[in-house]
Number of protein chains: 4
Amino acid sequence: MKLVDHRPRGRRRDPALDDLILDHTLAMFANGGYESVSIEGVAARAGVGKATIYRRYPTKAALIVAAVRERLCLVDQLPDTGDLRADLVTMMSPLVRRLLSPDGPMLIAFMAERFREPELEAEFERSVVGRKRVHMRKLLRDAVERGDLAPDTDIEISAEMLPALIWYRALNHLPFEADFAEVVVDQLLEVRAPL
Amino acid sequence: MKLVDHRPRGRRRDPALDDLILDHTLAMFANGGYESVSIEGVAARAGVGKATIYRRYPTKAALIVAAVRERLCLVDQLPDTGDLRADLVTMMSPLVRRLLSPDGPMLIAFMAERFREPELEAEFERSVVGRKRVHMRKLLRDAVERGDLAPDTDIEISAEMLPALIWYRALNHLPFEADFAEVVVDQLLEVRAPL
Amino acid sequence: MKLVDHRPRGRRRDPALDDLILDHTLAMFANGGYESVSIEGVAARAGVGKATIYRRYPTKAALIVAAVRERLCLVDQLPDTGDLRADLVTMMSPLVRRLLSPDGPMLIAFMAERFREPELEAEFERSVVGRKRVHMRKLLRDAVERGDLAPDTDIEISAEMLPALIWYRALNHLPFEADFAEVVVDQLLEVRAPL
Amino acid sequence: MKLVDHRPRGRRRDPALDDLILDHTLAMFANGGYESVSIEGVAARAGVGKATIYRRYPTKAALIVAAVRERLCLVDQLPDTGDLRADLVTMMSPLVRRLLSPDGPMLIAFMAERFREPELEAEFERSVVGRKRVHMRKLLRDAVERGDLAPDTDIEISAEMLPALIWYRALNHLPFEADFAEVVVDQLLEVRAPL
DNA sequence: ACATAAGCGAGACGGTACGTCTCGTCTTCTG
DNA sequence: CAGAAGACGAGACGTACCGTCTCGCTTATGT
């Protein structure tokens with residue numbers, strides 16, 4: 001006895017269009033940010049009807065969120081080798097590298113946008129930032145337990161420190177090098193390690 | 001011998017209107033951010049012709065920039081008492097307090113806006129952030145010379161650390177207390193102090 | 001073998017709106033002439049978006065042209081019974097009647113407008129005045145051939161005489177009676193008839 | 001005992017400006033008609049403040065009326081030699097000549113404008129057309145009395161005929177020659193003269 | 001086989017805001 | 001006081017998108 005069978009009826013959505021739409025969305029977002037994306041523009045460039053977009057995303061904001069989430073895949077590995085320094089560098093250096101890559105400006109634009117669009121904010125928190133935060137705290141807690149970190153370390157604050165520093169420099173257009181992750185980790189660890 | 005005479009000709013701009021316009025702009029910005037400000041709305045609420053606004057600001061963006069710059073005066077004191085911990089707390093706690101005040105959301109909205117408007121960015125860097133940064137570095141350098149801070153301290157990174165942490169939490173809507181400035185300063189200093 | 005297919009694509013324009021728009025345009029034109037028509041006004045009164053009007057007419061002028069052309073149908077019959085006097089009266093008296101009717105002021109306003117808008121001029125010439133002119137000349141030429149009119153009659157001038165007199169009086173707000181067409185025709189014919 | 005002294009006090013209006021203003025008004029009117037005249041444009045081109053114009057003419061319409069009345073002096077001679085044909089030609093041919101001159105288009109534009117601006121209409125009627133009409137009727141009445149014209153001639157209609165024909169052709173952009181006045185007069189007179 | 005659903009490109013629709021322009025009025029300062 | 005300059009409230013201009021809604025067509029079941 002099946003309560004729901006609900007196999008899809010009628011014509012199926014064309015998956016090729018998903019890509020096409022997100023591609024053009026991202027392209028427009030890349031040069032000009034949120035305001036320079038227009039659904040009508042995306043539709044025209046993608047050779048697609050507006051309804052085809054609205055069928056997938058209820059709103060311009062949702063479209064952009066999806067485009068960035070899908071394409072700017074910011075979900076990196078969450079390593080746990082027991083070597084705190086190595087794990088921290090492994091977590092943060094992909095972010096540094098991407099910020100320095102051609103994608104950098106777009107990432108920064110998106111990060112800024114994210115502070116303005118609650119919807120974007122929530123989505124991003126859920127799928128990207130949140131998991132990193134949780135993992136980061138675990139690494140720090142373990143290190144404290146192992147005695148690799150001073151016992152009075154404020155986990156809450158320390159876990160934020162790395163991303164905070166990296167994003168702060170990026171958003172403020174302050175320069176940093178490819179090895180910035182390592183430098184920061186060293187600065188922080190050196191002194192937080194028990195003597 | 002006058003190089004420039006350029007005395008103002010014609011009727012003067014009414015300074016009362018400057019205020020009126022910025023007031024309503026800020027009010028609209030405060031509840032809804034950039035997109036919920038409309039020049040037509042500001043004009044209507046202020047009982048002012050649209051031209052009167054456009055005469056002052058060429059663009060909606062420029063209007064908002066001006067409103068925030070003029071009203072959200074973020075320039076705090078730059079103390080230098082020789083007591084590093086006290087000076088750092090003095091510098092940062094006004095920011096924390098404002099972020100927790102009713103103005104907080106607006107400050108955050110503005111900070112996000114600032115990452116999108118190069119003009120706003122530059123202006124803000126010049127008049128607010130830049131001066132703080134310079135002063136912060138001086139404080140740290142002096143502390144290192146006095147021996148209050150380890151000699152291998154990376155001034156560049158350490159100077160950014162406090163604002164980075166505070167803004168990162170604020171922009172990400174992570175909670176923090178009124179004493180957050182002190183807590184962070186303690187965390188950072190405790191361990192950077194030579195044993 | 002189809003040269004053009006050009007089947008209509010997308011949603012069709014709502015014909016009811018065509019009417020609605022022209023109605024309100026004409027109403028506004030009727031009391032105040034060209035300057036008192038405003039696209040925003042028409043849109044508001046018709047409960048229609050401005051774009052819906054601009055999609056149909058590129059310009060305020062074009063809108064008014066269309067409204068008058070469509071609604072003030074000035075194309076009358078072009079009779080040819082062989083009775084010159086009767087035919088002339090048949091051609092001209094509808095014009096006289098309309099000029100004396102409530103529509104009169106609007107007709108006059110439009111005629112004045114027509115001298116200012118080349119587009120309106122051309123359109124009107126093509127679809128209304130021109131055909132009348134041609135027919136009028138034919139009537140006169142035939143009458144000359146029949147011997148009902150003096151052989152040295154200047155067709156060119158005589159054909160213009162009736163409309164010229166009627167419009168001149170109307171445009172200059174000189175009074176005339178309902179039988180003005182007959183009076184003028186009589187005056188002109190009486191003496192142009194061979195003795 | 002003087003009830004009013006009211007000698008003009010303060011600076012006198014600069015008469016040179018009267019000219020300057022009307023010149024530029026007419027120039028703008030000449031290429032584009034009513035709508036392409038703007039007080040702000042006239043002021044700018046004449047190097048004059050807007051108030052200087054508004055001090056002289058209460059309204060854009062009034063300005064244009066004045067410009068045309070002052071500059072397009074349409075007041076011709078009103079001859080009465082006893083020779084009807086000669087007098088009619090003398091009255092009408094200056095108009096024909098001007099319509100064919102470079103001023104022609106402007107005259108036509110103004111005539112069209114005049115049908116739209118009641119103020120302009122009235123002014124023009126009073127100072128130009130009216131006097132011509134009265135004189136024309138007198139010429140015709142005298143001719144009838146002298147027996148140069150059939151006694152059943154409709155003075156009212158006949159007096160309008162010449163200007164009606166000329167203006168009708170001009171306003172409708174129908175071609176005519178420099179001798180059009182004579183041709184029309186001949187056509188009309190030839191047959192109206194008693195045999 | 002053929003109705004029944006959707007998906008799709010196109011584009012009309014009611015709105016809202018943009019930034020520009022002119023109107024006619026009103027200061028402000030100079031000659 | 002007249003004059004040049006120009007600010008001011010008002011409001012229309014024509015443009016651009018928003019998110020929704022037909023259209024006629026194509027593509028897939030389910031009967």
Side-chain angles (χ1 to χ4, degrees), chain A residues 5 7-14 17 35-44 46-61, chain B residues 7-14 17 35-44 46-61, chain C residues 7-14 17 35-44 46-60, chain D residues 8-14 17 35-44 46-61 63:
Chain A
D5 184 5
R7 293 229 253 111
R9 317 236 294 141
R11 177 177 177 175
R12 249 41 76 66
R13 290 197 187 161
D14 184 344
L17 295 182
E35 325 239 332
S36 75
V37 177
S38 82
I39 301 250
E40 309 211 298
V42 173
V48 139
K50 280 176 29 167
T52 300
I53 297 178
Y54 277 107
R55 204 172 288 119
R56 289 162 166 76
Y57 313 100
T59 256
K60 178 177 153 179
Chain B
R7 291 221 257 111
R9 317 244 286 146
R11 178 176 177 176
R12 271 2 109 60
R13 294 198 184 159
D14 184 343
L17 295 181
E35 323 242 333
S36 73
V37 177
S38 84
I39 299 237
E40 308 211 304
V42 173
V48 140
K50 284 185 1 172
T52 299
I53 298 178
Y54 278 107
R55 205 173 289 119
R56 289 163 165 75
Y57 313 101
T59 256
K60 178 177 154 179
Chain C
R7 289 214 262 115
R9 316 242 286 146
R11 179 175 175 175
R12 267 12 101 60
R13 293 196 185 161
D14 184 344
L17 295 182
E35 325 241 332
S36 73
V37 177
S38 83
I39 300 235
E40 308 215 303
V42 173
V48 139
K50 284 187 359 175
T52 301
I53 298 178
Y54 279 107
R55 206 171 288 122
R56 290 164 165 74
Y57 314 100
T59 256
K60 179 177 153 178
Chain D
R9 315 233 293 140
R11 178 172 173 179
R12 246 47 67 69
R13 288 196 189 165
D14 183 345
L17 294 183
E35 322 240 333
S36 73
V37 177
S38 82
I39 301 249
E40 310 210 299
V42 173
V48 140
K50 280 173 36 168
T52 301
I53 298 178
Y54 278 107
R55 203 171 288 120
R56 289 164 166 77
Y57 314 99
T59 258
K60 177 177 154 180
L63 168 63

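This is a predicted model, so every value here is computed, not measured. The chains referred to below are lettered A, B, ... by the order of the sequence lines, with proteins before strands, and numbering in each begins at 1.
- Closest to the side chain of D/Arg56, from the set E/dT20, F/dA28, F/dG3, is F/dG3.
- Residue contacts for C/Gly41: at a heavy-atom cut-off of 4.0 Å it reaches no nucleic acid atom on any strand shown.
- Contacts of B/Ser36 classified as side chain to side chain contact (heavy atoms under 4.5 Å, CB included), with partners at least two apart in sequence or in another chain: none.
- Of the side-chain N and O atoms in D/Thr59, none sit less than 4.0 angstrom from OP1 or OP2 of E/dC23.
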Listed pairs, N/O of protein and of nucleotides 2-6 of chain E, under 3.5 Å:
none

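- The distance from atom OH of B/Tyr54 to atom OG1 of B/Thr59, rounded to the nearest 0.5 Å, is 7.0 Å.
- C/Arg55 pairs by the salt bridge (charged side-chain N to carboxylate O under 4.0 Å, His left out) definition with nothing, not counting sequence neighbours.
- Below the 3.5 angstrom threshold, one finds a donor paired with an acceptor across the side chain of C/Lys50 and the base of F/dG14.
- C/Arg12 has a side-chain polar atom (N or O) that falls below the 4.0 Å cut-off from OP1 or OP2 of F/dG24.
- Close to F/dA7, at under 4.0 Å from its OP1 or OP2, lies no side-chain N or O of B/Thr52.
- Under the salt bridge (charged side-chain N to carboxylate O under 4.0 Å, His left out) criterion, A/Arg56 pairs with A/Asp18, not counting sequence neighbours.
- Spacing between atom OH of B/Tyr54 and atom P of E/dT22 amounts to 17 Å, rounded to whole angstrom units.
- Between D/Glu40 and A/Val37, the residue anchored nearer the 5' end of DNA chain F, judged by the nucleotide with its closest heavy atom, is D/Glu40.
- Applying the salt bridge (charged side-chain N to carboxylate O under 4.0 Å, His left out) test to C/Lys60 and every residue at least two apart in sequence or in another chain returns nothing.
- With contacts defined as side-chain heavy-atom distances shorter than 4.5 Å, the pair C/Tyr57/C/Ile39 does not qualify.
- Computed from coordinates, the A/Ile53 CD1 to E/dG11 P distance equals 15 Å when rounded to whole Å.
- In the set F/dG9, F/dT29, E/dC18, the nucleotide with an atom closest to the side chain of B/Ile39 is E/dC18.
- If you take NZ of A/Lys60 and C1' of F/dA16, they are 11 Å apart, rounded to a whole angstrom.
- Judged as a salt bridge (charged side-chain N to carboxylate O under 4.0 Å, His left out), and not counting sequence neighbours, the contacts of D/Glu35 are C/Arg116.
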